[in-house]
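Quick notes on the structure that follows.
Residue numbering restarts at 1 for every chain, and letters A, B, ... go by the order of the sequence lines.
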There are 2 protein chains.
Amino acid sequence: MRISELADATGVSIPTLKYYLREGLLHPGRSQGPTRADYDDAHVERVRLVRTLIDVGRLSIDRVREVVTALDLPPESRHLLLGTAHDVLRQPSGGPPPDGVIARITALGLPDCAGSPASTQLAQALSAAERAGWPISDATLTSWYAAMTRVADADVVPELAAMSPADALHHAIIGNVLTDPVVIALRRVAQEALSAQRFEARDS
Amino acid sequence: MRISELADATGVSIPTLKYYLREGLLHPGRSQGPTRADYDDAHVERVRLVRTLIDVGRLSIDRVREVVTALDLPPESRHLLLGTAHDVLRQPSGGPPPDGVIARITALGLPDCAGSPASTQLAQALSAAERAGWPISDATLTSWYAAMTRVADADVVPELAAMSPADALHHAIIGNVLTDPVVIALRRVAQEALSAQRFEARDS
DNA sequence: TGACATTGGATAGTATGGCTGTCCAATATT
DNA sequence: AATATTGGACAGCCATACTATCCAATGTCA
């Protein structure tokens with residue numbers, strides 16, 4: 001497959017593909033002479049991954065490079081693997097992890113996993129909300145955690161155990177990127193339903 | 001309060017404040033002569049809102065302008081109000097709403113609310129996932145909706161009924177912006193907990 | 001009263017990110 | 001032999017979100 005065919009197959013322009021090659025988001029094709037290289041299905045898949053991360057996940061080029069680097073050299077243990085996936089999906093505005101909040105999380109009985117990316121992100125999100133004048137009570141947090149456990153139940157499927165590290169990592173990253181918007185949209189729909197139910201009767 | 005004091009109070013530089021004034025994100029202060037204007041606590045609050053929307057919500061300047069425009073002219077009915085909040089928080093990459101997916105949502109018994117912003121976003125998120133090769137089953141969707149209803153239960157508080165439309169809108173927007181990252185982080189924490197629980201025993 | 005800093009307002013410049021376009025010699029293809 | 005395409009290098013472009021400079025008018029303080 002030549003670069004023009006890769007462009008046709010993915011809907012991404014040749015200059016953009018060359019840009020991705022330069023940026024290391026895409027492996028060079030198998031070189032066949034100075035002016036010819038061969039791309040295969042793995043390249044098509046990789047381009048689609050990159051576009052999904054950029055379009056849906058709003059990841060920067062730098063972050064996408066982190067993803068593909070991790071995919072090319074995935075951690076062996078399944079535990080570190082999820083951590084890697086969560087790490088590349090961290091918020092762009094993540095400052096230093098605040099101390100007091102972490103203590104609060106562990107005090108609540110949420111599994112801390114020794115400062116895992118997820119715990120760090122939770123701590124950052126909580127302190128950002130608090131700084132902006134929106135403190136979240138322990139009761140709310142506990143109830144939300146229970147709800148999100150039900151959501152995550154569909155995420156951590158047994159099939160993951162049989163996958164190669166690279167496939168499992170790919171699965172975890174792309175799954176979260178694609179379904180986070182679904183989960184958030186469902187939250188909005190539920191808000192509208194509850195609002196209608198609670199306010200509709202007495203309000204126009 | 002002069003502009004320099006507003007800058008001190010919010011931690012935002014004077015040139016940036018002037019930029020926000022130019023862009024219509026911030027009302028001009030009460031003019032007291034050609035080279036003097038007076039800002040008050042409402043301006044401090046507004047600047048904080050703008051920074052939160054930009055830093056945490058990753059909203060563009062254009063989107064922030066939509067927010068403040070809506071806040072200055074909020075819809076009367078509480079129902080339209082939530083819709084307005086959800087609309088300004090829509091995904092940047094929202095194409096046209098796909099037809100078949102909407103039918104599927106209503107068939108599932110999720111409240112459609114006549115093409116509300118939330119339903120539209122859900123439809124877009126579902127079709128984006130499907131296009132990228134990650135179809136979501138009806139069972140998963142139903143289960144996730146139940147879970148998100150529990151999350152939304154903490155969002156739709158009775159106090160909203162007593163608030164002015166502008167305050168309620170502000171509450172809904174800032175609440176979602178600040179707590180979406182918390183909810184997503186909790187999902188990740190739950191994934192790690194379930195992964196440890198399901199794979200730790202048999203895996204390194 | 002006069003030196004000096006600050007203000008609002010206008011305008012121009014900058015940094016970054018994510019592409020996009022141009023050029024080239026070396027091949028393939030016809 | 002004529003034409004098109006490729007890989008590779010490199011410069012240019014456009015949008016976004018600021019940031020800096022300039023200005024005359026004004027307030028502040030000695």
> After noting the C-alpha distance and the side-chain angles of A:L160 and A:V157, does the key distance pass the side-chain contact (heavy atoms from CB on, under 4.5 Å) rule?
Replying inline: CA-CA 6 Å; A:L160 277 168; A:V157 292; 4.2 Å; yes
Close N or O pairs between protein and nucleotides 25-28 of chain D (under 3.5 Å):
residue : atom : partner : partner atom : Å
D:dT26  : O4'  : B:T35   : OG1          : 3.4

> Tell me, which pairs form a side-chain hydrogen bond (donor to acceptor under 3.5 Å, both in side chains) where one or both residues lie in residues 3-14 of chain A, sequence neighbours left out?
Replying inline: A:S13-A:T16
> Expressed in angstrom and rounded to an integer, what is the separation of A:L21 atom CG from D:dT6 atom P?
Replying inline: 13 Å
Give every donor-acceptor pair under 3.5 Å between a side-chain atom in residues 19-30 of chain A and any protein atom, sequence neighbours left out.
residue : atom : partner : partner atom : Å
A:Y20   : OH   : A:R51   : NH1          : 2.5
A:E23   : OE1  : A:R65   : NH1          : 3.0
A:H27   : NE2  : A:D72   : OD2          : 2.8

> For A:T149, which residues count as a side chain to side chain donor-acceptor pair (under 3.5 Å) partner, sequence neighbours excluded?
Replying inline: none
> Which whole-number value in Å describes the distance from B:H43 NE2 to C:dG8 C1'?
Replying inline: 13 Å
> Should stems be defined as at least three consecutive Watson-Crick or G-U pairs with both distances under 3.5 angstrom, which of them involve DNA chain D?
Replying inline: C:1-30 with D:1-30
> Nearest-Å distance, CD1 (B:I3) to P (C:dG9)?
Replying inline: 9 Å
>> Nearest whole Å is fine: how far is D:dG8 P from A:L26 CG?
In response: 12 Å
> Atom CE of B:M1 and atom P of C:dG8: how far apart are they, to the nearest Å?
Replying inline: 12 Å
> Among all residues two or more places apart in sequence or in another chain, which pass the side-chain contact (heavy atoms from CB on, under 4.5 Å) test with B:P117?
Replying inline: A:E192, B:H86, B:D87, B:Q121
>> B:H171: which residues meet the ring-ring contact (aromatic ring centres under 6.0 Å, His included) condition with it, sequence neighbours left out?
In response: A:W134
Just distance, no hydrogens or angles: give the donor-acceptor pairs under 3.5 Å from side chains in residues 139-148 of chain A, sequence neighbours left out.
residue : atom : partner : partner atom : Å
A:T140  : OG1  : A:S137  : OG           : 2.9
A:T142  : OG1  : A:D138  : O            : 2.7
A:W144  : NE1  : B:V151  : O            : 3.1

>> Between A:R58 and A:D180, does the salt bridge (Lys or Arg N to Asp or Glu O under 4.0 Å) criterion hold? Intermediate values first, please.
In response: CA-CA 12 Å; A:R58 300 181 65 188; A:D180 277 351; over 6 Å; no
>> Please report the distance, rounded to the nearest Å, between CG in B:D38 and C1' in C:dT6.
In response: 15 Å
>> Please classify the nucleic acid contact of B:S4 as base, sugar-phosphate, or nothing, using heavy-atom distances under 4.0 Å.
In response: sugar-phosphate
>> List the residues meeting side chain to side chain donor-acceptor pair (under 3.5 Å) with A:E66, not counting sequence neighbours, and say none if there are none.
In response: A:R90
>> Filter on ring pair (Phe, Tyr, Trp, His ring centres under 6.0 Å), then keep only pairs touching residues 42-71 of chain A, sequence neighbours left out; what's left?
In response: A:Y39-A:H43
> What pairs of residues pass the salt bridge (Lys or Arg N to Asp or Glu O under 4.0 Å) test when at least one of them lies in residues 152-168 of chain A, not counting sequence neighbours?
Replying inline: A:D153-B:R198, A:D155-B:R187
> For B:D55 and D:dC18, what is the distance between atoms CG and C1' respectively, to the nearest whole Å?
Replying inline: 13 Å
>> Rounding to an integer number of Å, can you tell me how far A:I14 CD1 sits from D:dG8 P?
In response: 14 Å
> How does protein contact run along nucleotides 13-23 of chain C, one letter per nucleotide 5' to 3', with B for base contact, S for sugar-phosphate only, - for none, heavy atoms under 4.0 Å?
Replying inline: -----BBBB--
